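Predicted model only: the values in this text are computed from it and were never measured. Convention: sequence-line order gives letters A, B, ...; per-chain numbering from 1.
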Number of protein chains: 2
Amino acid sequence: MLTLKQDNSELVVLSVLAAGASYGYAISKDIAARSDGHFKLSASGMYPLLTKLEKNGLVTTDWEEVKAAGADPDSSGRRRKWYTLSAKGQKQLERRIEMHRQMQSILDGFVLPASGNAHTESGLAG
Amino acid sequence: MLTLKQDNSELVVLSVLAAGASYGYAISKDIAARSDGHFKLSASGMYPLLTKLEKNGLVTTDWEEVKAAGADPDSSGRRRKWYTLSAKGQKQLERRIEMHRQMQSILDGFVLPASGNAHTESGLAG
DNA sequence: ACTAGATATATCTAGTTTCGATATATCCGA
DNA sequence: TCGGATATATCGAAACTAGATATATCTAGT
């Protein structure tokens, strides 16, 4: 189980929302499902992140009152907060994806060093 | 300029040390050079990280007394702390690389969704 | 000899992030 | 009516981040 750090959490959540509006609990389950259970984003990480996304204008929100079939029409019912990717959020997602690719390619330069570059010292003057 | 977070910092530092022993300042320069200036790991991030690596037994350390050419043999000179990847550190690096690949491939599943999986709702019961 | 800038390690502090625990409340099947 | 799943949200301790600060040496230029 790989726990997502905030940077990757934001990328993943934004990606999930790019496929359509969703809400906290569903996003969390979606991430677990789409990663075969490898990724986990807990509630305590999810909600502060979604709040930040909203504050930064990357998503817009709407409350839905989920009424049970035979529920009292006067009862408030269960609240569900939907998150929709905004135009700004879409742009941010594209930026994030680009940064992610750049990070990956440079990181690969470290974890996949070209053959023949082995050295016993750092290369700087001792 | 992409600032490395601790997770990636550890991966990168371990990777640098896998190519040969080095010391804080040189590692920092090495990272900047090998990433074309894209990655930065500041001193305030580097030294606590190296200390943690040492504490966890992933690296072994040796102090070197760097004497100037005509320096007083009795002077203490500049100190330089060398870090060498241990067997445990080598194993940890391999684990980290594996995790990194796994993270990348799953993340790609989010940022490069297979065509045709678009949906307007989360897929969970509403 | 003096000076500036690079080399070199390390800590401090304020702000941010992390993560499990906790709180509240509803829905649904047995 | 009870337990587990659904659903959002905050709390607090610990870890992490990043710039500033501290100390000291080396090197090149003047």
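- As a whole-Å value, the separation of Arg79(A) CZ from dA9(D) P is 6 Å.
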Pair pattern of DNA chain D in dot-bracket, where unpaired bases get dots and | marks partners in another strand, Watson-Crick or G-U under 3.5 angstrom: ||||||||||||||||||||||||||||||
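- One can place CG of Leu49(A) at 14 Å from C1' of dT16(C), the figure rounded to the nearest angstrom.
- Residue contacts for Gly24(B): at a heavy-atom cut-off of 4.0 Å it reaches the sugar-phosphate backbone alone, with no base atom in range.
- Where Ala43(B) and Pro48(B) meet DNA chain D, the nucleotide closest to each residue was compared, and Pro48(B) sits on the side nearer the 5' end.
- Looking only at distances, a side-chain donor or acceptor of Thr51(A) sits under 3.5 Å from a matching main-chain atom of Tyr47(A).
- Ser44(B) comes within contact range of at least one nucleobase, with a heavy-atom separation under 4.0 Å.
- When the nucleotides dT17(D), dA10(C), dA9(D) are ranked by their closest atom to the side chain of Lys5(B), dT17(D) comes out on top.
- Between Gln6(A) and dT18(C), a side-chain N or O to OP1/OP2 separation shorter than 4.0 Å is present.
- Ile27(B) contributes atom CD1, which lies 5.0 Å from atom CG of Leu50(B) (distance to the nearest 0.5 angstrom).
- Side-chain atoms of Gln6(B) and Glu10(B) include no donor-acceptor pair closer than 3.5 Å.
- In this structure, the CG atom of Leu4(A) is 16 Å from the P atom of dT17(C), given to the nearest Å.
- Remark: side-chain polar atoms of Ser35(A) are not paired, donor with acceptor, to backbone N or O of Ile106(B) under 3.5 angstrom.
- In this structure, Ile27(A) atom CD1 and dA7(D) atom C1' are separated by 12 Å, rounded to whole Å.
- In this structure, of dA10(C), dA8(C), dT8(D), it is dA8(C) that holds the atom nearest to the side chain of Tyr25(B).
- Across the protein-nucleic acid pair, Lys55(B) atom NZ and dA10(C) atom P stand 15 Å apart, rounded to whole Å.
- Between the CG atom in Leu93(A) and the CG atom in Leu85(A) there is a gap of 6.5 Å [rounded to 0.5 Å].
- In this structure, the OH atom of Tyr47(B) is 9 Å from the P atom of dA8(C), given to the nearest Å.
- Across Gln104(B), Gln102(B), Glu98(B), Arg96(B), a single residue satisfies side chain to side chain contact (heavy atoms under 4.5 Å, CB included) together with His100(B), and that is Gln104(B).
- Contact annotation: Tyr23(A) side-chain N/O to dA7(D) OP1/OP2 distance is under 4.0 Å.
- In this structure, NZ of Lys52(B) is placed 17 Å from P of dA14(D), rounded to the nearest angstrom.
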Trace of the side-chain contact (heavy atoms from CB on, under 4.5 Å) decision for Ile97(B) with Leu14(B): CA-CA 10 Å; Ile97(B) 290 175; Leu14(B) 250 24; over 6 Å; no
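- Rounded to whole Å, atom C1' of dT25(D) lies 13 Å from atom CD of Glu64(B).
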